[in-house]
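In this text, all values refer to a predicted model and were calculated from it rather than measured experimentally. All chains are named by letter (A, B, ...) in the order of the sequence lines, taking the proteins before the strands, and each is independently numbered beginning at 1.
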Number of protein chains: 2
Amino acid sequence: MAEKTKLWYLENFNLFSGMAQQSMEEMNRKSKMKTNKKKEIIYFPDERSDTIYILKEGKVKISRIAEDGRTTTMQLIGPGEIFGEGSILGQEKHENIAEVVEDAVICTISKDMFQEMMKDNPALNLKITKFIGFRLQTIQAHVEDLVFKNAQERIESFLKRYVKNFGKQMVDGWMVRPFLKHQEIADITATARQTVNMVLNELAEQDTIKYTRRFLQVKNTSWLN
Amino acid sequence: MAEKTKLWYLENFNLFSGMAQQSMEEMNRKSKMKTNKKKEIIYFPDERSDTIYILKEGKVKISRIAEDGRTTTMQLIGPGEIFGEGSILGQEKHENIAEVVEDAVICTISKDMFQEMMKDNPALNLKITKFIGFRLQTIQAHVEDLVFKNAQERIESFLKRYVKNFGKQMVDGWMVRPFLKHQEIADITATARQTVNMVLNELAEQDTIKYTRRFLQVKNTSWLN
DNA sequence: AATTTATTGTCAGGTTTCTGACAATAAATT
DNA sequence: AATTTATTGTCAGAAACCTGACAATAAATT
């Protein structure tokens, strides 16, 4: 496999699909690419937000911490998504923590340069706009889940989304690897670790899923809806 | 008091402050103004979203309904705020219901015209951008409240926000009028009507607030933080 | 003013889900 | 391979809050 240059990443990015060659090279000049290991923190709450981040590989977790130390995950960012979008929405500071949960390749570009590019690139502008709209919808769906669904339903519908977003279809159902710790699922679904354990084993019991600490396999595909 | 023309409203709108006279008149031509009575529905879920709404007077409630009929309020829109912003974020359909909860004066403009205006009006563009960022923050704060706060805390912090947003400062504390039904507060805070009742009476007990069905008064101002 | 309707007040279960505690297992380290 | 550490499995008890039921009060209607 050929070495992956930053331009290679940018070109394979649907955010930039259809962008002129010239703009592409401009983006390449103006952005930086970095590899971040698991557990690295990309930004903290209260840190100034003047950068936007584009994730090419890996996973990043966007979360919040309460004063008493409790934690909740707002969203999991996967390849092809941007984060830190608050910077282009005029937010001075980050409210969230962004932490790498699977070794990541991240492109960064200063909000000023990005906005400059958006100004004379309507296609990019439109894509960002749609992305923001999508983000807004996602968070509203999160609220809806918290209000209308019970713990078991929240856990199940998260698992479904997780598999659809990050899994691969195989002969014997869907497969995601690596899997998450129960505590991580609990943080995402606003439940307790023990409840996650219970739901997971119930699903395994009825042969809907099979899992170890390393992978999650959905055996009964119709469960995915 | 002079009759309120639409132009009068537009000019007193901070969304358009600093806008050129010419653009102002263009906006006036392109938008419509309407008065909506309490309980009128501005839009339903699944309705096409091709309009943006600017609220000058009154209150509008943005909410969601589950299949089983349960309801939750995502936000209360007050004078000076826009809603239906999904239209300019590329969302085909509304996910929410927008319902007038206090007789309202609403300006509407088609998303196409609005985007046209944004294109050659950087100041307007910036304001909308910031507004969207603010909306995103608000919803994230909603998630945070649901996860970290218990029912009592959610109700209290909603009351504080409500008073700060919609109340007037008086010699003897803050005053909001009209007040909300307990069920409405329950819908906003994702609690039960009876719990709202309990919290409200507890606060009245300790002389923090005083309320009837018509108004809410905060007697102990330090409670507001 | 009398009557009807809507909203608030109160209370007793009942449910859901969390907490804490510890054992069992798997993974990582030595 | 043996030992240490991290994660998962299991359970009992507790807390928070909801549900349902009905009475009391306020508002709206006649």
Side-chain angles (χ1 to χ4, degrees), chain A residues 37-39 61 66 68-73 101-103 145-159 162 176-206 209-217, chain B residues 37-39 61 66 68-73 101-103 145-159 162 176-206 209-217:
Chain A
K37 284 273 170 210
K38 191 170 169 176
K39 299 206 171 167
K61 173 176 88 177
D68 63 3
R70 282 178 299 162
T71 243
T72 194
T73 298
V101 289
E102 272 176 46
D103 292 0
D145 278 7
L146 288 169
V147 174
F148 293 144
K149 290 182 178 157
N150 64 26
Q152 169 142 358
E153 291 169 330
R154 288 202 302 278
I155 292 165
E156 290 199 26
S157 65
F158 164 71
L159 290 173
Y162 184 68
V176 204
R177 187 193 298 273
F179 194 31
L180 302 168
K181 283 183 282 195
H182 295 186
Q183 184 59 60
E184 293 177 306
I185 298 174
D187 287 344
I188 293 167
T189 55
T191 58
R193 198 210 91 217
Q194 294 89 328
T195 307
V196 172
N197 179 69
M198 197 212 81
V199 172
L200 240 25
N201 287 336
E202 218 167 73
L203 290 169
E205 186 78 25
Q206 62 193 44
I209 65 170
K210 182 177 166 186
Y211 75 101
T212 70
R213 292 179 191 194
R214 301 205 185 282
F215 69 87
L216 166 66
Q217 180 193 358
Chain B
K37 284 271 169 210
K38 191 170 168 174
K39 297 205 172 171
K61 172 176 87 178
D68 63 3
R70 281 178 299 163
T71 243
T72 193
T73 298
V101 289
E102 271 176 44
D103 293 0
D145 279 7
L146 288 169
V147 174
F148 292 145
K149 291 182 177 157
N150 63 27
Q152 168 142 358
E153 290 169 331
R154 288 204 301 279
I155 292 165
E156 289 198 27
S157 65
F158 165 72
L159 290 173
Y162 184 68
V176 204
R177 185 192 300 269
F179 193 33
L180 302 167
K181 282 184 282 193
H182 292 187
Q183 185 59 61
E184 293 177 307
I185 298 174
D187 287 344
I188 293 168
T189 55
T191 58
R193 198 210 92 219
Q194 294 90 327
T195 308
V196 172
N197 179 68
M198 197 212 81
V199 172
L200 241 24
N201 286 338
E202 216 167 74
L203 289 169
E205 186 78 25
Q206 60 193 47
I209 65 170
K210 183 177 166 186
Y211 75 100
T212 71
R213 292 178 190 196
R214 302 204 185 283
F215 69 88
L216 166 66
Q217 181 194 356

Trainee: Is there a donor and acceptor pair closer than 3.5 Å between the side chain of A:Arg193 and the base of D:dG9?
Mentor: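 Pair found.
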Trainee: Counting side-chain heavy atoms from C-beta on, which of D:dG9, C:dT7, C:dA28 comes nearest to B:Lys181?
Mentor: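 Of all the options, the side chain of B:Lys181 is nearest to C:dT7.
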Trainee: Could you tell me the Watson-Crick or G-U partner of C:dT30, where both distances fall under 3.5 Å? Say none if there is no partner.
Mentor: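 D:dA1 - that is the nucleotide pairing with C:dT30, both distances being under 3.5 Å.
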Trainee: Side chain of A:Asn201: nearest nucleotide among D:dT10, D:dT8, D:dC17?
Mentor: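 So the nucleotide nearest the side chain must be D:dT10.
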Trainee: Nearest to the side chain of B:Thr191, which nucleotide is it out of D:dG9, C:dT7, D:dC18?
Mentor: D:dC18
Trainee: So which nucleotide does C:dC18 pair with, by the Watson-Crick or G-U wobble rule with both distances under 3.5 Å?
Mentor: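 Because both required distances fall under 3.5 Å, C:dC18 counts as paired with D:dG13.
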Trainee: Between B:Asp68 (CG) and D:dT19 (C1'), how many Å, whole number?
Mentor: 14 Å
Trainee: Would you please classify the geometry between the A:Tyr211 ring and the A:Phe179 ring as parallel, tilted or perpendicular, with 30° and 60° separating the classes?
Mentor: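 A:Phe179 and A:Tyr211: perpendicular rings.
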Trainee: Could you check B:Leu200 against A:Ala151 and say which one's nearest nucleotide on DNA chain C is further toward the 5' end?
Mentor: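 Nearer the 5' end of the strand: B:Leu200.
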Trainee: What integer distance in Å separates B:Met198:CE from D:dA15:P?
Mentor: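 Interatomic distance, CE of B:Met198 to P of D:dA15: 16 Å.
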Trainee: Can you tell me if the side-chain N/O atoms of B:Thr195 get under 4.0 Å from OP1 or OP2 in D:dC18?
Mentor: yes
Trainee: Kindly point out which of C:dT10, D:dC18, C:dA26 is positioned nearest to the side chain of A:Arg213?
Mentor: C:dA26
Trainee: Just call it for B:Ala204: base, sugar-phosphate, or nothing, with non-hydrogen atoms closer than 4.0 Å on any strand.
Mentor: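 Counting heavy atoms under 4.0 Å across all strands, no contact is made by B:Ala204.
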Trainee: Which whole-number value in Å describes the distance from A:Leu146 CG to C:dT16 C1'?
Mentor: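 After rounding, the reported distance stands at 16 Å.
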Trainee: Could you give the CD-to-P distance, from B:Glu202 to D:dC17, as a whole number of Å?
Mentor: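 Taking atom P of D:dC17 as the reference, CD of B:Glu202 is at 12 Å.
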Trainee: Please find the pair of heavy atoms, one from B:Ala190 and one from B:Arg154, that lie closest to each other, and give the distance.
Mentor: O-NH2, 2.9 Å
Trainee: Is a side-chain donor or acceptor of B:Glu153 paired with a backbone partner of B:Asn150 at a separation under 3.5 angstrom?
Mentor: yes
Trainee: Look at all strands and tell whether A:Tyr211 reaches a base, only sugar-phosphate, or nothing, counting heavy atoms closer than 4.0 Å.
Mentor: sugar-phosphate
Trainee: If you define the side chain from C-beta out and look only at heavy atoms, does anything of A:Met198 sit under 4.5 Å from A:Gln152?
Mentor: yes
Trainee: Touch check for A:Ala186, heavy atoms < 4.0 angstrom, all strands: base, sugar-phosphate only, or nothing?
Mentor: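 It contacts nothing in the nucleic acid.
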Trainee: Using whole Å, report how far CD of A:Glu205 lies from P of D:dT8.
Mentor: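 In whole Å, D:dT8 P lies 19 Å from A:Glu205 CD.
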Trainee: With a 4.0 Å cutoff (strictly under), does any side-chain N or O of B:Asn150 reach OP1 or OP2 of D:dA15?
Mentor: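 Answer no for this pair, as no side-chain N or O of B:Asn150 is under 4.0 Å from OP1 or OP2.
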Trainee: If you assign A:Lys149 and B:His182 each to the DNA chain C nucleotide with the nearest heavy atom, which residue ends up on the more 5' nucleotide?
Mentor: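 So the residue in question is B:His182.
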Trainee: Over all strands shown, is B:Arg214 touching base, sugar-phosphate only, or nothing at heavy-atom distances under 4.0 angstrom?
Mentor: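 B:Arg214: backbone/sugar contact only, no base atoms under 4.0 Å.
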Trainee: Among D:dG20, C:dC18, D:dC18, which nucleotide has an atom closest to any side-chain atom of A:Ala192?
Mentor: C:dC18
